[in-house]
Amino acid sequence: MKTSNLLLSTTRETPSDAVVISHQLMIRAGIIRPLAGGLYNWLPLGVRVLRKVEAIIRQEMDRAGAQEILMPVVQPLELWDESGRAEDYGPELLRFKDRHDRDFVLGPTHEEIITDLVRREIRSYKQLPANFYQIQTKFRDEIRPRFGVMRSREFIMKDAYSFHMDHDSLQATYDNMYDTYNRIFSRLGLNFRAVQADTGSIGGEGSHEFHVLADSGEDYIAFSTESDYAANVELAEAVAPRGERAAPTAELTKVATPGKHSIEEVCDFLQLKKKVVAKTLLVKGATEAHPVVALVVRGDHELNEIKAQKLELVADPLEMASDEAILAAAGCNAGSIGPVGLNIPVIVDRTAAVMSDFVCGANEDGYHFTGANWERDAQITLVADIRNAVKGDPSPDGKGKLEIRRGIEVGHIFQLGNKYSAALNATVQNENSRAQVLEMGCYGIGVTRVVAAAIEQNYDDKGIMWPESIAPFQVCIVPMQMHKSPRVAEVAEKLYAELQAKGVDVLFDDRAERPGVMFSDMDLIGIPHRIVIGERGLDNGMLEYKHRRDESSQDVAQEGFIDFLLGKLSQ
RNA sequence: CGGAGUGUAGCGCAGCUUGGUAGCGCACCUGUUUUGGGUACAGGUGGUCGGGGGUUCGAAUCCCUCCACUCCGACCA
């Protein structure tokens, strides 16, 4: 490709509304252009990257024995009614009617469609197991699209669905996909981790997320410093502290804390550390008998909503109690609540349960207690793991401590079980000629998100530094003053033709631009290997080579240059 | 959905307080210049000032209303 034939729409200025680096660089490098909220045009350079990502995914999925199919973006609402998800999915599911007034949706995912297809096509257990995948556009009407293509409304996803007669077969395919995903993300050149994940509303037994590690990630991941343990913080167990609770040494004392509500304010006011305070939150209960439930965590910890809403007494989804309900249950406003004398169930985090002589709200506006102690002053209904794991917690597998880092979720594999197959009655005949509901797994990769994630991990102040495997071009040729030097032009054209003949993906910058403009553009769009051709070098029979990540360039003899470059490419 | 903010040339912005012929930088076009890291000079193209309504002799500017977008939060996979 020659730049004269490429829509190379680079800009010097950063768009003001792009807050993450990948979004900024994708706009500046001419990879994407915004169309409307959460919708983007992909320019030629961007499509080249997308196609490379897709090619790697296809190769590995095919190698793993999956079969590629293609399902429609537009789906009949009927199937979503049948699975029950039309209601569950809510406004994120974009609905519309066709000219015959029939209801349709834009597919945010394809479980219903594939299950419908399989129930029609697959009759016998002999046809199983089977794993079908597609690389396709999805639409989710996100409340708040942001970060460019990292959280857009329309995006490209590789989604795969497997079907099985029993759980062992599902487990085998799941394990196969786990390995396949590791291969895919390794080949994409990403620094990633597979982590145990919550199965969310889809349910099912096993689930792993694949996260690209980046500070701009929206998820928090807990790792063991000494083992392979890794889990989404949503899921990571905060293990019970060792040792018994210390015996009380202080008297329960009421102190005035006028106008101090947050843990921070109270601690500043009383000159305390947050870890000696018990934080009490009132949430809606799951039962009529207990419409409000108290949750207690240590002052320096955060409530984990996912863990809390799994408890029997707690409403799912978790919802904070209203101001009126708080006043009725505790006799004060939020900010002065504490477990002492509370007449509702009190669920205490494992760590908070071993506190002694702690500080808490006095259930009276403007007052707190010091020297509070469990059992003596406040009763515990249940001790449970209801907080987020934090840095330094012991790893749940008993090896090492937890480290917390941020990640971008680029892949997710699930064991779905029979949730969809049962709802849609997807059955086949088993060996006993009986209809049997299928076991399912599903496996997703956010293709467009991978592109953004790759940039989040690979950039410098000049622009993108693509991993070799997904760069829009492997090599760029930058001739100096080609339009005035027939010699430079001739060498450049010849090299271009030779590299193309060797199957190298090469971009030839044949614009009549100043060298500085060319260098800046090539750095910005992140081509890994750069060849500069100029009179100066040719006088000595030299070409100039530089890798995007190299500090400086090196002169390489024209003689044998192609072999030198091919050697670099195969590294 | 709650809070905040912004809509003026393709992009980034000024002008609005105090109403009086639409501006700057980048980009783009022409010419000259320069030629190994976004060169310089000169000239030029391009705008329903988000839409509608109102006040006024006169509205980008003041008022009303609608729309769109962005940021923070909540919500949600």
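The sequence lines fix the lettering, A, B, ..., with proteins before strands; numbering per chain opens at 1. Just so it is clear, the structure is predicted and the values come from calculations on it, not from any experiment.
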[atom1]-based separation of [M] from [N] [nearest Å]:
{"N": "B/G58", "M": "B/C69", "atom1": "P", "result": "35 Å"}
{"N": "B/G54", "M": "B/U61", "atom1": "C1'", "result": "15 Å"}
{"N": "B/C67", "M": "B/A74", "atom1": "P", "result": "26 Å"}
{"N": "B/C75", "M": "B/G37", "atom1": "C1'", "result": "48 Å"}
{"N": "B/U32", "M": "B/U48", "atom1": "P", "result": "33 Å"}
{"N": "B/G50", "M": "B/C16", "atom1": "P", "result": "15 Å"}
{"N": "B/U8", "M": "B/C49", "atom1": "C1'", "result": "4 Å"}
{"N": "B/G47", "M": "B/C24", "atom1": "P", "result": "15 Å"}

A/Arg387 bridged to A/Glu302 by N-O distance under 4.0 Å = no

Nucleotide nearest [X] (side chain, heavy atoms from C-beta), chosen from [options]:
{"X": "A/Phe519", "options": "B/G37, B/A27, B/A77", "value": "B/G37"}
{"X": "A/Asp523", "options": "B/U39, B/C75, B/G37", "value": "B/G37"}
{"X": "A/His412", "options": "B/A77, B/A27, B/C75", "value": "B/A77"}
{"X": "A/Arg28", "options": "B/G38, B/C76, B/A77", "value": "B/G38"}
{"X": "A/Lys484", "options": "B/C75, B/A27, B/U34", "value": "B/U34"}
{"X": "A/Pro515", "options": "B/G38, B/G73, B/G36", "value": "B/G36"}
{"X": "A/Thr10", "options": "B/A77, B/G38, B/C71", "value": "B/G38"}

In whole angstrom, what separates [X]'s [atom1] from [N]'s [atom2]?
{"X": "A/Leu8", "N": "B/G38", "atom1": "CG", "atom2": "C1'", "result": "13 Å"}
{"X": "A/Ile306", "N": "B/C75", "atom1": "CD1", "atom2": "P", "result": "11 Å"}
{"X": "A/Lys284", "N": "B/C75", "atom1": "NZ", "atom2": "P", "result": "13 Å"}
{"X": "A/Glu142", "N": "B/C69", "atom1": "CD", "atom2": "C1'", "result": "17 Å"}
{"X": "A/Arg153", "N": "B/U70", "atom1": "CZ", "atom2": "P", "result": "9 Å"}
{"X": "A/Arg151", "N": "B/C71", "atom1": "CZ", "atom2": "P", "result": "13 Å"}
{"X": "A/Leu7", "N": "B/C28", "atom1": "CG", "atom2": "P", "result": "13 Å"}
{"X": "A/Asp219", "N": "B/C76", "atom1": "CG", "atom2": "P", "result": "15 Å"}

Counter-base of [N], judged by Watson-Crick or G-U geometry with both distances under 3.5 Å:
{"N": "B/U18", "result": "none"}
{"N": "B/C13", "result": "B/G23"}
{"N": "B/A42", "result": "B/U30"}
{"N": "B/U6", "result": "B/A68"}
{"N": "B/U56", "result": "none"}
{"N": "B/U61", "result": "none"}

NA contact type, A/Ser520, heavy-atom cut-off 4.0 Å: base, sugar-phosphate, or nothing?
-> base

Across the strands shown, which category fits A/Val478 at heavy-atom distances under 4.0 angstrom: base, sugar-phosphate, nothing?
->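 Nothing: the residue A/Val478, judged by heavy atoms under 4.0 Å, touches no strand.
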
Verify the distance criterion only: is there a donor paired with an acceptor across the side chains of [X] and [Y] at less than 3.5 Å?
{"X": "A/His208", "Y": "A/Tyr174", "value": "yes"}
{"X": "A/Lys274", "Y": "A/His301", "value": "no"}
{"X": "A/Thr173", "Y": "A/Asn131", "value": "no"}
{"X": "A/Tyr545", "Y": "A/Ser553", "value": "no"}

Side-chain donor or acceptor of [X] under 3.5 Å from a matching atom on the base of [N]?
{"X": "A/Glu544", "N": "B/G36", "value": "yes"}
{"X": "A/Arg530", "N": "B/G37", "value": "yes"}
{"X": "A/Arg514", "N": "B/U34", "value": "yes"}

Would you please classify the geometry between the A/Tyr181 ring and the A/Phe185 ring as parallel, tilted or perpendicular, with 30° and 60° separating the classes?
-> perpendicular

On RNA chain B, nearest-nucleotide positions of A/Arg140 versus A/Thr11: which is more 5'?
-> A/Thr11

Run the numbers on A/Trp42 and A/Thr448 for side-chain contact (heavy atoms from CB on, under 4.5 Å), then give the verdict.
-> CA-CA 10 Å; A/Trp42 284 77; A/Thr448 37; 3.3 Å; yes

Please answer whether the main-chain N or O of A/Met542 pairs with a side-chain N or O of A/Asn540 as donor and acceptor at a distance below 3.5 Å.
-> no

